[in-house]
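Side chains included, hydrogens not; waters and symmetry mates left out as well; all remaining heavy atoms used.
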Amino acid sequence: VLLSTGSTASEGVVIGEFGQDITVPCHYSVQNRNGITSMCWGRDRCPSSKCARPIIWTDGWRVTEQYSSRYQLKGDLQRGDVSLTIVSARETDSGIYCCRVELPGWFNDQVINYKVVVRKARISTASPHTYTSEQTS
């Protein structure tokens, strides 16, 4: 996934199954300890600053706010892996998510919007079949 800088936002699609963990990727480049920065994940498209309907915030080193324990950052934050894991996805988790990495300077934030689609798990509908032979006259 290409992450753009500036006020333009790129967009991706992540498809997962109901009841499974879904990981929405987001990374930024960390050259050294000074490059570690705060970021947020929110529901809905990224606004001009911060995150709309925030679900998780970090100060770059650790998670500082977490809307629900179902939203987790399992990657190495200090290496720029701020991918969001949605634990035991539900259909209500479908929608737009915003990953915003706060970079110094005006309108420098790295922004990506994802459309997350939670599909119902494919349940095997294999049932005993009754075969009937049709006769045509």
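- Remark: R53 pairs with D44 by the side chain to side chain donor-acceptor pair (under 3.5 Å) rule, at least two apart or across chains.
- Each of I22, V14, L73 was evaluated against L84; a single residue qualifies, L73, per the side chain to side chain contact (heavy atoms under 4.5 Å, CB included) test.
- Taking D76 as the reference, Q78, R79 meet the side chain to side chain contact (heavy atoms under 4.5 Å, CB included) condition, with sequence neighbours excluded.
- The shortest heavy-atom contact between T85 and T23 is OG1-OG1, 3.3 Å.
- I86 has its side chain within reach of R70: a pair of non-hydrogen atoms, C-beta onward, lies under 4.5 Å apart.
- The disulfide (SG to SG under 2.5 Å) analysis of residues 56-91, with sequence neighbours excluded, yields no pairs.
- Sorted pairs that involve residues 80-89 and meet salt bridge (Lys or Arg N to Asp or Glu O under 4.0 Å), not counting sequence neighbours, are lacking altogether.
- Using a 4.5 Å heavy-atom threshold, the side chains of Q72 and V87 count as touching.
- Among pairs with a residue in residues 60-69, none fulfils side chain to side chain donor-acceptor pair (under 3.5 Å), at least two apart in sequence or across chains.
- In this structure, the side chains of V63 and Y71 stay at 4.5 Å or more apart for every pair of heavy atoms.
- Here Q31 pairs with S29 under the side chain to side chain contact (heavy atoms under 4.5 Å, CB included) rule; sequence neighbours left out.
- Among residues at least two apart or in separate chains, salt bridge (Lys or Arg N to Asp or Glu O under 4.0 Å) pairs with a member in residues 13-32 are E17-R122, D21-K74.
- For the residue pair Y28 and G35, the shortest heavy atom distance occurs at CE1-O, 3.5 Å.
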Ignoring hydrogens and angles, write down the donor-acceptor pairs under 3.5 Å from the side chains of residues 97-105, residues two or more places apart or on other chains.
{"residue": "Y97", "atom": "OH", "partner": "R43", "partner atom": "NH1", "Å": "3.2"}
{"residue": "Y97", "atom": "OH", "partner": "D93", "partner atom": "O", "Å": "2.7"}
{"residue": "R100", "atom": "NE", "partner": "K50", "partner atom": "O", "Å": "2.5"}
{"residue": "R100", "atom": "NH1", "partner": "D109", "partner atom": "OD2", "Å": "3.0"}
{"residue": "R100", "atom": "NH2", "partner": "P47", "partner atom": "O", "Å": "2.1"}
{"residue": "E102", "atom": "OE1", "partner": "S38", "partner atom": "OG", "Å": "2.5"}
{"residue": "E102", "atom": "OE2", "partner": "K50", "partner atom": "NZ", "Å": "3.4"}

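- When all heavy atoms of I112 and C26 are compared, the pair lying nearest together is CG2-SG, 4.1 Å.
- With sequence neighbours left out, the side chain to side chain donor-acceptor pair (under 3.5 Å) criterion links S94 to no other residue.
- Taking Ile, Leu, Val, Met, Phe, Trp and Tyr as members and joining any whose side-chain heavy atoms lie under 4.5 Å apart, directly or through other members, the hydrophobic cluster of V117 also contains V13, I15.
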Kindly determine whether F107 and S49 satisfy side-chain contact (heavy atoms from CB on, under 4.5 Å), including the steps that lead there.
-> CA-CA 8 Å; F107 304 109; S49 70; over 6 Å; no
